[in-house]
Amino acid sequence: MSDPVAALKQAVADAALQLRGGTQTESQPPARLDRARRAGQGHYATNAAMLLAPALGLAPREIAQALGTQLTQALRGSLLRFEVAGPGFLNLELSDDWYHSALRALLEAGAGFGTGGAAHPERILLEFVSANPTAVLVAASGRHAAYGDALARILRFHGHSVSTEYYFNDAGSQIQRLGESVRARALGQEPPADGYQGAYVAELATEIAGADDPSVPVDAIAGRAVAILLQRIKATLARYGVHFDTFFSERTLHEGAPSPLERALSRLREAGHVYEHEGAVWLRTTTFGDDKDRVLLRSGGEPTYFAADVAYMENKRERGFERQLLPVGADHHGYVARLKAAFQALGNDPDLLEPLILQFVHLVEGDARTAMSKRRGEFVTLDELLDEIGVDATRYFMLQSSHERTLDLNLDLARSDSSENPVYYIQYAHARLSSMLARVGDERVSLAVAADAVWSSPAGELHSSEQELIRKLLSLPEEVAETAQRRAPHRMAAYALELAQDFTAFYRDCKVVGAEPSETESFRIALCAATRTQLAVVLELLGVSAPSSM
RNA sequence: GCCCCCGUAGCUCAGUUGGAUAGAGCGGCGGACUUCUAAUCCGUAGGUCGCAGGUUCGAAUCCUGCCGGGGGCGCCA
């Protein structure tokens, strides 16, 4: 019994199949097995009877009754009682024996519980942040960094092979502008109107030797500036706990003969999707659902940013990644259609390119709601945010709400009430567990979690808080699966909080150290050990530290 | 004008492959520290799930329209 809930779900499915006369109908949606919403509705509930009703032509409640009887036999001692409720729900109440063996399964699996659930493991390339090295990372990048990093951790935990990558522009007009801006500052002038205005540009001007020397080409200045800024970005990411497997330079797409960009272009030409018009080279993206065709090479022969992106996609594919995940800011959503079109034009299944749109982070200070502009130099840096509220609080804050939602970052609130961030509640639960288990001592813990340990409950019955905590622990595999499938790490943040809450309720209701008889103490120690392990696992998935004391 | 995302408690947000009486944190009010960590807990107040239709045994969830907020519609990146 490696996953007790999955086994239970299977038992329900088997019973349903038997009622149907053993014939599986293809279009039947799988029955759900949910944790009960509230007291008095059993421990788990299934809607299987309601789904069976049309096929059997019987009343749902009648079917639920039969299903319950069937399950009572199949599950024997595990099912304490069942109840037909509402329009035809079947509520199941499980025995303490079932909970005991469920906890054994949790302890056996240890930190590996819930891992490897992916039905079809894939080689995935996850590219994120990819902010141009024309400035340091801003607070909004913190959202992308936390999101991508947590998603990578979760997808790996789920069983996929994931490489993370940061793509940076070290060629093109933005870089040119950066160089010009630094040069201007070095000469004591204002940067160009479309250049970079931030104070860091002036700093760069003093750091880069020869910035004010007209004999040093602007390109060289730009190159130095990019190198310095990239270094700072890496330092910030390291501090934030975000690791990238590779940093990918755009420049390399333009190098070599033929260059990756030229190769991608040839491939598109051969496939017949390229044409010339008014001196420019176009990709017929409308063939694949885009609004209009897109330019690959400008009339001057210069490749567009889009052309580089196409070459980059092709490069990822050549490196053997079957799926490409691409979290981008909401301002890029208009770009999605042409990327997917190009991906298809290259001969790929468009479903294997997944652009993920992350909504913006708005800074709120006082009553003002400001958008951040890199070019104007109006932004809060990620480093500043980390200085203010720390890594854990920042990561949790960035992860707690759905990436599809605009995030309001209230700086006043973040500063003054940082201790009210739910992350501390979760960490506190972990610290409390650590402290308790330390007090209990390794030897006693080992005895309690041993495979032959004898467990019991005081009045012969588990407390509902104990049962709820175990059910929450057991639901990790489903949570991981849903989080991974929906590319929605905020689900894991919510789960962490719920787990901490369920533990805290257990802690409130059930004495652990010194509980009588010692078989009860053993059971509760074992439950605490399993909970601490899982809290640590979940915090790790979020990239948040799990302190042993606070 | 067309396209994408969002709208749930005073605030910040969960809950959306349709399920039972819509949840949490913060804030408000009233309580609990001689206790396994009070960064905690208990009680209480607080809701037309933006609005209006539709689909069905059942809708915050799916469909249509409208309102409000954000974003996008370059041979910029």
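Residue numbers start from 1 in every chain, and the chains themselves are labelled A, B, ... in the order their sequence lines are given, proteins ahead of strands. This one's a predicted model, so the numbers in the text were calculated from it and none came from an experiment. Hydrogens, waters and symmetry mates are skipped; everything else that's a heavy atom, side chains included, is used.
- Pairing partner, B/rU44: B/rG28, with both Watson-Crick or wobble hydrogen-bond distances short of 3.5 Å.
- Here A/R486 reaches the OP1 or OP2 of B/rG15: one of its side-chain N or O atoms lies under 4.0 Å away.
- The same atom, C1', is picked in B/rU16 and in B/rA22; the two are 13 Å apart, to the nearest Å.
- Within the 4.0 Å cut-off from OP1 or OP2 of B/rC76, at least one side-chain nitrogen or oxygen of A/R298 is found.
- Here B/rG19 is the nucleotide among B/rG19, B/rA20, B/rC13 with the atom lying nearest to any side-chain atom of A/M50.
- Distances from the side chain of A/A494 to the nucleotides B/rC73, B/rA14, B/rC13 place B/rA14 closest.
- When all heavy atoms of A/H463 and A/D509 are compared, the closest pair comes out as CE1-OD2, 3.3 Å.
- The minimum heavy-atom distance between A/P60 and A/M50, with the atom names listed, is CB-CG, 3.9 Å.
- The pair A/K511-A/E516 does not count as a salt bridge, with every side-chain nitrogen at least 4.0 angstrom from each carboxylate oxygen.
- When the P atom is compared between B/rU21 and B/rC63, the two are found 24 Å apart, to the nearest whole Å.
- Taking atom P in both B/rC26 and B/rC36, the straight-line distance is 24 Å, to the nearest Å.
- The existence of a salt bridge linking A/E127 and A/K316 is confirmed by a sub-4.0 Å separation between a basic side-chain nitrogen and an acidic carboxylate oxygen.
- Within 4.0 Å of A/P422, counting heavy atoms only, lies no atom of the nucleic acid at all.
- For A/E404, whose side chain is taken as the heavy atoms from C-beta onward, the closest listed nucleotide among B/rC75, B/rC5, B/rA24 is B/rC5.
- Here the side chain of A/W282 is nearest to one of B/rC36, B/rC75, B/rC4, namely B/rC75.
- Within a 6.0 Å radius of CD in A/E482, other residues, nucleotides and ligands contribute more than 12 heavy atoms.
- B/rG74 atom P lies 19 Å from atom CG of A/D194, rounded to whole Å.
- B/rG7 is paired with B/rC67 under the criterion used here, namely a Watson-Crick or G-U wobble arrangement in which both key atom distances are under 3.5 Å.
- Between A/H490 and B/rG15, a side-chain N or O to OP1/OP2 separation shorter than 4.0 Å is present.
- Nucleotides of RNA chain B nearest to A/F360 and A/E482 differ in position, and the one nearer the 5' end is that of A/E482.
- For the P atom pair drawn from B/rA39 and B/rC33, the interatomic distance equals 15 Å after rounding to whole Å.
- For A/Q485 and B/rU17, the CD to P distance is 10 Å, given to the nearest whole Å.
- Between A/H403 atom NE2 and B/rC6 atom P the separation is 9 Å, expressed in whole Å.
- Counting any heavy atom pair closer than 4.0 Å across all strands shown, A/R491 reaches sugar-phosphate atoms only and no base atom.
- In plain terms, the two heavy atoms of A/A493 and A/Y396 that are nearest each other are O-OH, 2.8 Å.
- Of all the heavy atoms in A/H403 and A/I357, the pair that sits closest is CD2-O, 3.5 Å.
- No N or O donor and acceptor, one from the side chain of A/N47 and one from the base of B/rA20, sit under 3.5 Å apart.
- Of all nucleotides present, none satisfies the Watson-Crick or G-U wobble test against B/rA39 with each distance under 3.5 Å.
- With rounding to whole Å, A/E498 atom CD is found 12 Å from B/rG25 atom C1'.
- Rounded to whole Å, the separation between the C1' atoms of B/rG10 and B/rA45 comes to 12 Å.
- Atom NE2 in A/H332 sits roughly 7 Å away from atom C1' in B/rA77 (whole-Å rounding).
- With distances taken from any side-chain atom of A/H333 to the nucleotides B/rC13, B/rA77, B/rC4, the minimum falls on B/rC4.
- The C1' atoms of B/rG46 and B/rC29 are separated by 11 Å, rounded to the nearest whole Å.
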Where protein sits on nucleotides 37-43 of chain B, one letter per nucleotide: B base, S sugar-phosphate only, - none, heavy atoms under 4.0 Å: BSBSSS-
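- Comparing the C1' positions of B/rA60 and B/rG7 gives a spacing of 11 Å, expressed to the nearest Å.
- Checking B/rC2 for Watson-Crick or G-U wobble geometry (two distances, each under 3.5 Å) identifies B/rG72 as its partner.
- Side-chain N/O atoms of A/R405 include one lying less than 4.0 angstrom from OP1 or OP2 on B/rA14.
- At whole-Å resolution of the value, CG in A/L90 and C1' in B/rG19 are 14 Å apart.
- Of the candidate nucleotides B/rC13, B/rC75, B/rA77, B/rC75 has the atom lying nearest to any side-chain atom of A/A280.
- For A/F89, the side-chain atoms get nearest to B/rA20 when compared with the rest of B/rA20, B/rG74, B/rA77.
- For A/F128 and A/Y147, the ring centers sit 6.0 Å or farther from each other.
- Distance noted for atom C1' between B/rU64 and B/rA59: 15 Å (whole Å).
- Heavy atoms of A/D291 sit nowhere under 4.0 angstrom from any nucleic acid atom.
- Nucleic acid contact class of A/S299 (heavy atoms, under 4.0 Å, all strands): base.
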